[in-house]
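Single-structure report; data block below.
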Amino acid sequence: MSTYKYYLLGIIILFVGVAIGWISKPNVHTEMQENFDHTGSKIEHSHDDIEAIWTCSMHPQIRQNELGICPICEMDLIPLDNSLSNDDPTVLQMTETAAKLAQVETTTVGEVSMAYSTSSIKVDGTVELDESSINSQSSHLGGRIESIHVNFEGEYVKAGQKIATIYSTDLLAATQELITAAKFEDKVPGIKDASIQKLKNWKISDRQIQNIFTSGKPIETIDIYADHSGYVLNKKVSLGDYIKTGQTLYTIGKTDRLWLIMNVYESDLGKVRIGQKVTFTTPSLGETKFTANISYIEPLLNPMTRTGVIRAEIANTRKKLKPGMLLKGHIRAISSTAISTSVVVPKSAVLWTGERSVVYVQLPDTEVPSYQYREVTIGDQSGNMISILEGIENGETIVTHGAFAIDAAAQLNNNMSMMNKNVSIKKDEHDDVVPNYTEETPEDFKDQLDALVQEYISLKDALVLTDPNAATIATNELLDQTKKIDMQLLQGEAHMYWMEQLGVITAHAIKITESVDVEEQRNQFDFLSQGMISSLKAFGTRENTYYVLYCPMAKGNQGADWISAEEQIRNPYFGDKMMKCGSVKLAL
């Protein structure tokens, strides 16, 4: 039995020794592991890697304390290059890899060429009848349609062709009057001529009048002959209809000469002149090209489409073109504003939101690709080129392909972008200087700002619960509340400062509503909070006290603030994961 005890004691001692050796042994996995990034390059580790930050080459907003994959694109994370840190919110810096994956292409802005100053304007429109060729065929006396010889629209008639027969009691009376007048011509001079003239006014021919004299009988029907040649556009009567004198029977139009009705954008109208040539094709005739001259420019602009109507005329002797055909063409335009020193860029370089136009300029002599956000004023547009009146200069290098990818990365990284012009970026705490307008801010505005903070706190509470749907609902309520704030209560610099903060709050609130990922919502919530905190500091509220709380571990250990109505820590950036992480930073 004692032998067994010693044996058992020996096993225990051996096990403890192995355990102590394992604990004291260096972590082979940690020291010997070799990692490779997605390009195949080996990542060397050192003791300093304990505090390393890992990021994604395509999504620089991703920050993690350990190696892993990007939650957006699932690429391997790479060590954060601190050289990419940048204090200018208009400049986005990318790695070489990110620029290649975004397929960024650039070009150097040069002087306008003659090809641009006489480039073409694209137009579309339809082929229409020449309105001067449209005529109405009317009856010269009233009566009943006894017979009709043109039965459908689109039928071609020739001038002099019989088109209808009319029974008329007025005609019967007038011809009887003519016969009687002829008998009394000797006694009442001129009575016969008056009767003849009356019939001639009804387009009764001399031959028909002579037949009346020869037969001695009045007539009660009259044939109507076409006054013009052309196609029947509109048939207005049917057999048996009663008509009045001068009533239209048919509308007739010719297709020997046609109009081209085209729409031109407002920005191109200044380059269109009467007499210019327009070359066009129509889908039904394939690649066959036609040429016509502009004969008319409508003086009014369509306020809905912002287009003007121009007209060209073309001979259609071969009858290839038909009214109603669609056409696409171009006009050789001569720009009235393009001069030899104009800045002209491809249209693909310009991003346009309706409120502003943006171009990204590649900065020279930088260690990594760096692209600067520039707002520009655009001028004439023609073909694939557009002139820039302000914002860039000749000799600068601009992004002509991949600008959308750069703008998206800038927006996600909270840099200035096409949609987020007024974003305030936290680059340096010392630069975060908030003006104080509390004394001059009206009490009504403070009450409205307080109501906005209440909606913000509802959003914060939803993120504490890690509930993205509730966060979206609360954010929509916050956006509605922003519309109720009367910014006219503020004047001068205070008004402008509020407009900047409102832009920050609104831009990031919209981003929250567009995402169902609670982590992305939290990321946008951080930026939104900066606008709210700055607003409270600048304008204050009338009665309520709010607390600015701070979590140093949020945003990948960068730290983030939020507003609370109480000092108790309930962390919106981590929720249940680290509910109590944070401290009170200040009271407002």
Side-chain angles (χ1 to χ4, degrees), residues 114-137 150-159 226 228-235 250-336 346-348 380-386:
M114 291 303 294
Y116 170 72
S117 61
T118 59
S119 58
S120 63
I121 300 170
K122 292 183 179 180
V123 294
D124 55 33
T126 55
V127 179
E128 305 288 347
L129 284 169
D130 182 344
E131 291 184 6
S132 64
S133 73
I134 299 175
N135 298 284
S136 295
Q137 177 66 55
V150 177
N151 297 303
F152 57 89
E153 294 178 355
E155 186 174 349
Y156 185 79
V157 297
K158 293 183 178 180
H228 308 279
S229 298
Y231 293 94
V232 176
L233 305 178
N234 199 346
K235 177 174 172 286
Y250 305 96
T251 302
I252 297 173
K254 295 182 179 180
T255 60
D256 296 335
R257 190 166 189 82
L258 297 173
W259 283 358
L260 312 174
I261 306 299
M262 295 163 285
N263 299 306
V264 179
Y265 286 110
E266 180 181 7
S267 58
D268 290 328
L269 277 174
K271 296 175 282 188
V272 178
R273 300 286 185 272
I274 292 176
Q276 284 178 279
K277 292 186 180 296
V278 54
T279 302
F280 69 95
T281 60
T282 182
S284 60
L285 298 177
E287 298 299 320
T288 304
K289 291 184 178 181
F290 300 87
T291 301
N293 293 324
I294 297 173
S295 59
Y296 176 75
I297 301 174
E298 193 169 283
L300 304 179
L301 192 72
N302 187 321
M304 300 299 294
T305 62
R306 309 307 304 171
T307 58
V309 174
I310 64 172
R311 184 178 75 216
E313 299 180 14
I314 187 171
N316 189 36
T317 53
R318 296 185 180 181
K319 301 296 190 293
K320 288 186 176 182
L321 298 174
K322 301 182 184 301
M325 283 182 170
L326 298 176
L327 65 87
K328 287 187 177 295
H330 63 270
I331 302 168
R332 295 294 292 177
I334 300 176
S335 172
S336 60
K347 283 186 177 180
S348 61
D380 292 330
Q381 302 180 46
S382 186
N384 294 323
M385 304 297 289
I386 183 170

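The structure displayed is predicted, hence computed values, not measured ones. Just so you know, these numbers use all the heavy atoms, side chains as well, and skip hydrogens, waters and symmetry mates. All residue numbers in this chain count up from 1 along the given sequence.
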Using side-chain contact (heavy atoms from CB on, under 4.5 Å), reason through Leu326 and Asp124 one step at a time and then give a plain yes or no. CA-CA 8 Å; Leu326 298 176; Asp124 55 33; over 6 Å; no
Non-hydrogen atoms of Thr291 and Phe280 that approach each other most closely: N-CE2, 4.5 Å
If you apply the rule side-chain contact (heavy atoms from CB on, under 4.5 Å), what do you find for Thr251 with Asn135, and how did you get there? CA-CA 6 Å; Thr251 302; Asn135 298 284; over 6 Å; no
Check Gly230 against Lys254 and note the closest heavy-atom contact, atom names and distance. CA-CG, 4.3 Å
When rounded to the nearest 0.5 Å, the distance separating CG of Leu321 from CG of Leu285 is 6.5 Å
Measuring only between side-chain heavy atoms, which start at C-beta, is Thr282 closer than 4.5 Å to Val127? no
Rounded distance [0.5 Å steps], CE in Met325 versus OG1 in Thr126: 12.0 Å
Point-to-point distance, once rounded to the nearest 0.5 Å, from CD1 of Ile386 to NZ of Lys347: 6.5 Å
Do Thr279 and His330 have side-chain heavy atoms sitting under 4.5 Å apart? yes
Would you mind reporting whether Leu233 and Leu129 have side-chain heavy atoms less than 4.5 Å apart? yes
Tell me whether Lys235 at atom NZ has more than 12 heavy atoms from other residues, nucleotides or ligands lying less than 6.0 Å away. yes
Non-hydrogen side-chain atoms of Val309 and Leu300 separated by less than 4.5 Å: no
Could you label the plane-to-plane angle of the Tyr231 and Tyr156 rings as parallel, tilted or perpendicular, counting under 30° as parallel and over 60° as perpendicular? perpendicular
Heavy atoms, side chains only, cut-off 4.5 Å: are Leu258 and Asp130 in contact? no
Residues Ser229 and Ala159: closest non-hydrogen pair is OG-N, 2.8 Å
Look up atom CD1 in Ile274 and atom CG in Asn293, then write down how far apart they are to the nearest 0.5 Å. 11.5 Å
Within this structure, what is the CG-CD distance for the pair Asn234 and Gln137, rounded to the nearest 0.5 Å? 13.5 Å
Distance in Å, Ile121 CD1 paired with Ile331 CD1, rounded so as to fall on 0.5 Å steps: 5.5 Å
Report yes if some heavy atom in the side chain of Asn316 is under 4.5 Å from a heavy atom in the side chain of Asp256; otherwise report no. no
Are more than 12 heavy atoms, taken from residues, nucleotides or ligands other than Lys319, located less than 6.0 Å from that residue's NZ atom? yes
Going through the distances and angles, do Leu301 and Leu269 end up as a side-chain contact (heavy atoms from CB on, under 4.5 Å)? CA-CA 10 Å; Leu301 192 72; Leu269 277 174; 3.6 Å; yes
Answer whether the closest heavy-atom distance between the side chains of Phe290 and Leu327 falls below 4.5 Å. no
Going through the checks in order, is the side-chain contact (heavy atoms from CB on, under 4.5 Å) test met by Asn263 and Thr305? CA-CA 10 Å; Asn263 299 306; Thr305 62; over 6 Å; no
